[in-house]
There are 2 protein chains.
Amino acid sequence: MNSDTSVITLDHGGGGLASQRLVSRLLGLLENSSGQKENTLEDAAALTVPGLTGRLVFSTDSYVVEPIFFPGGDIGKLAVHGTINDLAMRGATPLCLSLAMILEEGFPLAELERITKSISEASRDAAVPIITGDTKVVPKGKADKIFITTAGIGLVDTAVNIGAAGAKPGDAVLISGSIGDHGITIMSQRAGIALQGDLQSDTVALHRLVARLISEFPGAIHVLRDPTRGGVATSLHELAAASGVAVELNEESLPINPAVLSACALLGLDPLWLANEGKCLLFCDGGKAAAILAAMRAMDEGRQAEIIGRVVPAAAAQVTLRTVLGGGRILRSLHGQPLPRIC
Amino acid sequence: MNSDTSVITLDHGGGGLASQRLVSRLLGLLENSSGQKENTLEDAAALTVPGLTGRLVFSTDSYVVEPIFFPGGDIGKLAVHGTINDLAMRGATPLCLSLAMILEEGFPLAELERITKSISEASRDAAVPIITGDTKVVPKGKADKIFITTAGIGLVDTAVNIGAAGAKPGDAVLISGSIGDHGITIMSQRAGIALQGDLQSDTVALHRLVARLISEFPGAIHVLRDPTRGGVATSLHELAAASGVAVELNEESLPINPAVLSACALLGLDPLWLANEGKCLLFCDGGKAAAILAAMRAMDEGRQAEIIGRVVPAAAAQVTLRTVLGGGRILRSLHGQPLPRIC
């Protein structure tokens with residue numbers, strides 16, 4: 001940990017408390033500019049446009065993942081899926097993306113073309129076109145190969161009201177599939193560990209899953225969040241704080257692939273804090289949870305979905321893990337990050 | 001010049017022919033994804049949204065300028081103005097921006113706060129809020145201080161039809177003010193040259209100027225373009241090619257500040273190829289040019305506006321400079337760039 005508080009540290013980019021504090025500080029400086037405080041808890045912002053029924057949703061993310069190619073995907077695929085998912089987590093239908101690349105001098109054109117093809121495939125598969133872009137080049141040593149920033153516009157129906165502050169006591173907490181796949185894949189690549197089993201990133205676009213759930217269960221879904229940097233535990237902390245509730249997780253219902261469990265044991269990591277790139281947390285009416293779970297499992301993206309916990313009223317916005325042995329453990333919020341450049 | 005054709009070179013980022021060829025090659029790979037060929041000549045893309053009268057315009061740019069602070073502005077101000085201007089060049093009213101930062105570990109928080117304040121001011125002055133963002137951190141040596149990517153959404157009236165392909169023989173060519181200020185300011189900073197006079201970047205938001213001209217002269221404005229990377233000459237080449245016309249410039253009518261002229265003489269540069277960050281080229285009905293010029297000059301952003309040339313029919317889409325001595329010189333299109341990281 002870097003203890004110098006006057007400079008940017010890797011912790012500021014990890015998605016944990018240090019990130020949140022930096023973002024709050026910067027948002028404080030921007031506050032008068034935006035005047036849209038309601039949006040600061042979300043990964044995507046909503047705006048009304050004169051003449052438009054429904055609201056537009058707008059989101060952006062930069063991708064600096066290292067390595068740029070990894071089992072299950074690459075930086076391009078991640079950049080397309082990530083922004084689509086940020087829009088979907090507001091209940092929006094993604095309309096289009098922008099894509100800006102910063103390239104390091106000397107970066108092989110063959111790799112750039114491979115990434116561009118992957119971007120094209122991901123965009124086509126998701127049926128969300130990339131309609132505008134930019135390319136910059138910096139001298140060798142002034143960037144690391146390639147950084148990609150996507151932004152996206154989505155459209156959300158006026159009747160849909162999904163946001164970080166929507167969790168209510170009695171809600172069920174679901175996850176659309178297994179935990180930690182992306183994070184552990186990147187880490188094991190970085191560590192140069194050849195792990196047995198087919199460890200791969202879960203990167204996938206979730207907008208079709210979300211669209212189906214919203215249309216089949218109108219009003220029943222209160223919160224959606226993709227637990228990327230900081231993982232499930234950090235996302236649940238943020239959501240509990242935004243909604244003023246507590247969350248209880250059941251350890252035994254957490255879906256975790258065996259290869260991820262072994263790798264976590266080997267590397268001393270907890271899957272609850274690892275990044276996911278194709279999963280969503282979903283808070284819904286407790287009474288609808290079983291039906292929503294069945295609908296999720298009927299789609300490829302939700303095949304491994306589980307009900308993993310529930311929302312309880314509480315004085316403190318905490319996240320508790322009910323362990324297999326029956327005990328309760330309060331989950332910390334992450335301060336820094338286990339490893340930088342996970343996405 | 002790097003002659004290795006298998007890797008990215010600085011020329012690929014310069015805004016000249018090498019940039020255009022790279023972008024064409026990448027767009028070819030993306031083509032099936034977007035299906036929106038009409039947008040490929042523009043710095044911003046238009047899209048129709050069900051239920052919305054008018055079209056949305058969407059644009060993005062990454063900023064990697066070096067140095068990050070310079071006379072007249074900084075990387076943050078540039079990132080706000082640049083995307084606002086890309087929207088305005090399609091005749092759109094900018095609605096909002098996104099802003100994503102990639103920070104290098106060790107970057108001083110005081111500088112980050114200074115840039116954030118500048119972003120906030122630029123956004124407030126332009127009345128275009130930043131409503132969503134992202135922050136990533138990479139280890140020391142993997143980026144250079146700070147890179148910023150903005151994207152923006154604008155709204156354009158259905159009646160407005162401004163685009164790169166709209167130039168017609170008989171059109172007048174105007175520029176909203178002096179040429180080369182941004183480019184020469186960055187270059188002289190980089191070269192460590194202390195130049196006499198008040199050389200400073202021209203970075204400014206042009207959306208108010210554009211809105212006024214569109215409303216006062218409906219249908220008369222055919223083309224708008226901000227001549228950033230590659231400068232006036234490169235932009236005119238692109239516009240001539242897109243419209244299938246030729247452009248004749250009058251050397252003596254080009255507005256160039258004396259400090260820029262001296263610096264160009266000293267550094268051996270031609271202001272026609274230098275980046276501008278607060279200027280627009282405007283093609284309009286020849287008969288309306290004088291009135292449009294007067295309207296531009298009535299606003300701060302257009303105080304130094306001039307009619308600099310005209311559109312002529314031609315077999316080849318070329319740009320010719322009528323010199324002060326009465327001769328004609330064909331202006332080359334830029335291949336690479338005079339210096340990288342100008343914006």
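A, B, ... follow the sequence lines: proteins, then strands. Residue 1 opens every chain.
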- Message: Show the nearest heavy-atom pair for residues A:Ile75 and A:Tyr63, with the distance to one decimal.
- Response: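 Scanning both residues completely, I find the closest heavy atoms to be CD1-O, 3.5 Å.
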- Query: How close do B:His182 and B:Ile342 get, heavy atom to heavy atom, and via which atoms?
  - Reply: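 Nearest pair, atom of B:His182 first, then B:Ile342: NE2-O, 2.7 Å.
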Portion of [X] that has a non-hydrogen atom of chain A nearer than 4.5 angstrom:
{"X": "B:Ile102", "value": "side chain"}
{"X": "B:Leu97", "value": "backbone"}
{"X": "B:Leu99", "value": "backbone"}
{"X": "B:Thr53", "value": "neither"}

- May I ask you to check whether over 12 heavy atoms, not counting those of A:Arg114, lie within 6.0 Å of atom CZ?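 Check fails, neighbour count at 12 or below.
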- Contact check, side chains of A:Ile146 and B:Ile8, non-hydrogen atoms, under 4.5 Å: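 A side-chain contact under 4.5 Å is absent here.
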- Task: Side-chain contact test, heavy atoms from C-beta onward, threshold under 4.5 Å: evaluate it for B:Arg90 versus B:Val160 and give yes or no.
- Result: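 B:Arg90 does not reach B:Val160 side chain to side chain.
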Selection from [options] maximising heavy-atom pairs under 4.5 Å formed with chain A:
{"options": "B:Cys343, B:Pro139, B:Gly141", "result": "B:Pro139"}
{"options": "B:Leu112, B:Asp144, B:Leu109", "result": "B:Leu109"}
{"options": "B:Ala126, B:Gly54, B:Pro108, B:Pro50", "result": "B:Pro108"}

- Test item: A:Arg55 side-chain N/O and A:Ala46 main-chain N/O as donor-acceptor pair under 3.5 Å: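 Here the side-chain-to-backbone pair does not exist.
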- Side chain B:Asp134, main chain A:Ser62, donor-acceptor under 3.5 Å: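 It does hold such a pair.
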- Part of A:Leu52 within contact of chain B (heavy atom distance under 4.5 Å):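 Contact with chain B is through both the backbone and side chain of A:Leu52.
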- Between A:Glu104 and chain B, which part of the residue has a heavy atom less than 4.5 Å away: side chain, backbone, both or neither?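 For A:Glu104, the contact with chain B is made by the backbone alone.
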- Message: Test side chain to side chain contact (heavy atoms under 4.5 Å, CB included) on A:His81 and A:Thr203; report intermediate values, then the result.
- Response: CA-CA 7 Å; A:His81 292 161; A:Thr203 180; 2.8 Å; yes
When only pairs under 4.5 Å are counted, which of [options] shares the most heavy-atom pairs with chain B?
{"options": "A:Lys145, A:Lys117, A:Lys142", "result": "A:Lys142"}
{"options": "A:Met101, A:Arg229, A:Glu111", "result": "A:Arg229"}
{"options": "A:Ser98, A:Cys96, A:Ala100", "result": "A:Ser98"}
{"options": "A:Val49, A:Val64, A:Val137", "result": "A:Val137"}

- Query: Taking the inter-plane angle between the rings of A:Phe58 and B:Phe58 on a 0 to 90° scale, is it parallel (under 30°), tilted (30 to 60°) or perpendicular (over 60°)?
  - Reply: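 Perpendicular.
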